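Note that the structure is a prediction, hence the values are computed from the model and not measured. Just so you know, these numbers use all the heavy atoms, side chains as well, and skip hydrogens, waters and symmetry mates.
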Amino acid sequence: MKLLITGGAGFIGSHVVRLFVTKYPEYQIYNLDALTYAGNLANLSDIEQSPNYTFIKGDITDAKFLEDMFAEMSFDGVIHLAAESHVDRSITDPMSFVMTNVVGTVNLLNAAKNSWKDSASGFEGKRFYHVSTDEVYGSLHNPEDFFTEETAYDPQSPYSASKAASDHFVRAYGNTYKLPVVLSNCSNNYGPNHFPEKLIPLMIHNIQTNKPLPVYGKGENVRDWLFVVDHARAIDAVFHTGKPGETYNIGGFNEWKNIDLVHLLCQIMDRKLDRPEGTSAQLITYVTDRAGHDLRYAIDAHKIMNELGWQPSLQFEEGLEKTVDWFLANQEWLDNVTSGNYQSYYQGMYANR
Ligand code: NAD
Ligand code: DAU
């Protein structure tokens with residue numbers, strides 16, 4: 001099995017690469033990543049010397065590069081995670097989301113389709129797995145509702161619109177060209193390697209450095225949080241046992257209002273940093289709401305649980321403790337990421353393809 005994983009230097013991708021490299025030593029894993037601000041090879045320093053791992057620096061918006069690479073490498077499967085992933089950035093710069101998430105995904109579909117259809121076995125034994133988000137379903141308003149695989153798409157931000165468009169293209173290639181596709185839509189992840197522009201790592205970092213904790217609006221928005229390693233385990237299950245053409249929703253049945261989550265983080269951090277109880281919560285600062293801020297996401301994950309036997313392994317409080325411990329123990333990672341130095345820091349350690 002020659003497996004291409006895109007976006008493997010990012011948050012979720014690095015956990016997926018690690019899982020596949022260590023669990024499947026007989027597979028050759030190729031990690032294709034452009035190393036944008038969100039990609040960091042330090043996320044993979046523990047497995048970078050593994051004989052079944054290769055890093056390829058490249059940009060999925062470059063169609064010719066992808067066509068040449070697929071022709072040369074004869075991949076058997078693709079797990080596609082490369083994306084622009086931050087909603088706030090999509091509000092200020094939507095076009096980079098169109099380019100990577102939509103154009104980049106279509107480039108990848110074309111490269112896989114063209115190389116596979118000309119191969120001796122055609123599409124037989126091949127798999128194109130597109131990793132997507134629950135944000136494509138829009139916002140829930142009725143407290144009893146959950147996103148199922150049948151929920152109509154209703155994306156509300158430029159980020160979720162770009163992911164929705166990419167999902168449609170993936171399904172269209174499955175329908176039109178019979179490309180063997182499979183998709184999953186996951187809720188909010190958290191854990192080690194999370195880029196500190198996102199809620200949980202940003203709050204941990206700001207508590208540690210005594211900076212204000214910016215809570216958007218009234219902090220009433222609800223997200224459904226899943227430990228990133230559990231998402232990687234779900235991706236493993238979908239890649240190996242998901243039915244072609246199907247979609248699987250992935251989530252933790254773990255809904256938190258942002259303000260409650262920030263208070264919980266403050267309590268954990270007070271304890272870890274030996275601060276009097278209530279110290280960190282004084283940093284909470286309500287700020288202008290995110291434009292078009294989705295109120296609530298909540299995934300119904302019964303399909304993947306019943307059909308593929310996956311379930312989350314960690315309770316939220318345990319996962320959050322592990323996450324805080326990881327950030328406190330990895331100060332150098334955080335310093336490099338927040339200073340923007342990490343690209344030059346690691347420059348030269350890895351040859352470009
Ligand atoms: P991330 O921003 O941490 O990482 C994205 C990676 O993609 C980075 O390594 C970056 O360098 C790479 N990349 C970006 N543009 C590229 C390009 N043009 N060519 C090649 N590589 C490029 O993202 P993440 O949070 O790890 O999300 C990974 C995937 O999972 C995304 O598709 C995202 O939509 C999806 N997702 C994320 C979450 C979440 O909570 N973070 C939840 C559900 C689904
Ligand atoms: O649901 C899956 C999605 O989860 C993924 O597809 C996205 O890639 C990922 O970034 C995440 O999107 P969110 O917008 O939900 O995550 P974020 O961490 O940016 O924000 C979580 C909630 O916290 C959201 O309601 C906005 C709020 N927030 C966020 C930040 C960064 C704040 O109140 N303050 C902040 O500073």
statement: In this structure, CG of L108 is separated from CG of L32 (nearest 0.5 Å) by 7.5 Å

- request: Could you check whether the rings of H240 and Y27 sit parallel, tilted or perpendicular, using 30° and 60° as the cut-offs?
  value: tilted

- request: Would you list the pairs meeting side chain to side chain donor-acceptor pair (under 3.5 Å) in which at least one residue belongs to residues 309-318, sequence neighbours left out?
  value: D230-S313

- prompt: If we only count heavy atoms from C-beta on, is the P196 to V337 side-chain gap below 4.5 Å?
  reply: yes

query: Which pair of non-hydrogen atoms, one from F128 and one from V170, has the smallest distance, and what is that distance?
result: CE2-CG2, 4.4 Å

query: Can you tell me how far CG of L213 sits from CD1 of I207, rounded to the nearest 0.5 angstrom?
result: 5.0 Å

query: Do we see a donor-acceptor contact under 3.5 Å between the side chains of N52 and Y24?
result: no

field: Min side-chain heavy-atom separation I268-I204 under 4.5 Å
entry: no

- request: Check step by step if side chain to side chain contact (heavy atoms under 4.5 Å, CB included) holds for L295 and V222.
  value: CA-CA 6 Å; L295 182 64; V222 174; over 6 Å; no

query: Going by the salt bridge (Lys or Arg N to Asp or Glu O under 4.0 Å) test, which pairs reach into residues 157-177, not counting sequence neighbours?
result: none

message: I'd like to know if K272 and D325 make a salt bridge, using a cut-off of under 4.0 Å between side-chain N and carboxylate O.
response: yes

- request: Compute the centroid of each ring, for H168 and then for Y153, and state whether the two points are separated by less than 6.0 Å.
  value: yes

- prompt: What residue pairs, at least two apart or across chains, pass side chain to side chain donor-acceptor pair (under 3.5 Å) with a residue in residues 97-111?
  reply: H80-T105, N101-S162, N110-Y173

query: Going by an N to O cut-off under 4.0 Å, is there a salt bridge joining E149 and K303?
result: no

- prompt: What are the two closest non-hydrogen atoms of P201 and H194, and how far apart are they?
  reply: CD-ND1, 3.4 Å

- line: Residues passing the side-chain contact (heavy atoms from CB on, under 4.5 Å) test with H302, sequence neighbours excluded, are F253, D300, N306

- prompt: Does the pair Y297 and Y137 meet the rule for a ring pair (Phe, Tyr, Trp, His ring centres under 6.0 Å), with working shown?
  reply: CA-CA 9 Å; Y297 304 147; Y137 298 122; 9.6 Å; no

task: Identify the heavy atoms of A34 and D59 that sit nearest to each other, and give their distance.
output: CB-CA, 4.1 Å

query: Tracing side-chain links under 4.5 Å among I, L, V, M, F, W and Y, which residues wind up in one group with Y159?
result: V87, I91, F97

task: Could you tell me whether the side chains of W256 and N254 share a donor-acceptor contact shorter than 3.5 Å?
output: yes

message: I need the K126 NZ to S121 OG distance, nearest 0.5 Å.
response: 3.0 Å

- request: Not counting sequence neighbours, which residues clear side chain to side chain donor-acceptor pair (under 3.5 Å) with Q331? List them please.
  value: Q208, D335

- request: Report the residues that fulfil side chain to side chain donor-acceptor pair (under 3.5 Å) with S115, sequence neighbours left out, ordered by chain and then residue number.
  value: none

query: Cut-off 3.5 Å, side chains only: do N189 and W225 have a donor facing an acceptor?
result: no

- request: For the pair F239 and F20, name the ring-plane relationship: parallel under 30°, tilted 30 to 60°, perpendicular over 60°.
  value: perpendicular

query: Which pair of heavy atoms, one from S85 and one from K198, lies closest together, and at what distance?
result: OG-NZ, 2.9 Å

E197 with R89: basic N within carboxylate O range, under 4.0 Å: yes

query: Is there a donor in the side chain of E220 and an acceptor in the side chain of N258, or the other way round, less than 3.5 Å apart?
result: no

- prompt: Should L320 and L261 count as side-chain neighbours, where that means a heavy-atom distance under 4.5 Å?
  reply: yes

- line: Closest non-hydrogen atoms of G278 and D270, given as atom of the first, atom of the second and distance, are N-OD2, 3.0 Å

- request: Taking all non-hydrogen atoms of both residues into account, name the closest pair between C186 and L226 and its distance.
  value: SG-CD2, 3.7 Å

- prompt: So how far is it from E255 CD to D260 CG, rounded to the nearest 0.5 Å?
  reply: 12.0 Å

Axial cation check for Y53 ring with R18, 6.0 Å and 45° limits: no

- prompt: If we only count heavy atoms from C-beta on, is the S187 to I250 side-chain gap below 4.5 Å?
  reply: no

task: Show which residues join Y216 in its hydrophobic cluster (side-chain heavy-atom contacts under 4.5 Å, direct or indirect), or state none.
output: V287

message: Please enumerate all residues that pass side chain to side chain donor-acceptor pair (under 3.5 Å) together with N175, with sequence neighbours excluded.
response: none

message: Under the criterion side chain to side chain contact (heavy atoms under 4.5 Å, CB included), I'd like the reasoning laid out for N40 against N193: C-alpha separation, chi angles, the key distance, then a yes or no.
response: CA-CA 9 Å; N40 184 354; N193 303 346; over 6 Å; no

query: To the nearest 0.5 Å, what is the distance between CG (D93) and NE2 (H86)?
result: 12.5 Å

field: Residue pairs, two or more places apart or on separate chains, that pass salt bridge (Lys or Arg N to Asp or Glu O under 4.0 Å) and touch residues 304-315
entry: K243-E307

- prompt: How long is the span from the OG atom in S280 to the CE atom in M269, to the nearest 0.5 Å?
  reply: 6.5 Å

message: Could you check whether any side-chain heavy atom of H205 comes within less than 4.5 Å of a side-chain heavy atom of T338, counting everything from C-beta outward?
response: yes

message: Whether the D154 and Q156 side chains hold a donor-acceptor pair (N or O, under 3.5 Å, no angle test) is what I'd like checked.
response: yes

field: salt_bridge(R271, E321) N-O dist < 4.0 Å
entry: yes

message: According to ring-ring contact (aromatic ring centres under 6.0 Å, His included), who are the partners of F75, at least two apart in sequence or on a separate chain?
response: Y30, F70

- prompt: Can you list every salt bridge (Lys or Arg N to Asp or Glu O under 4.0 Å) pair that touches residues 20-35, not counting sequence neighbours?
  reply: K23-D236

field: Exercise: do Y129 and S184 side chains pair donor with acceptor under 3.5 Å
entry: yes

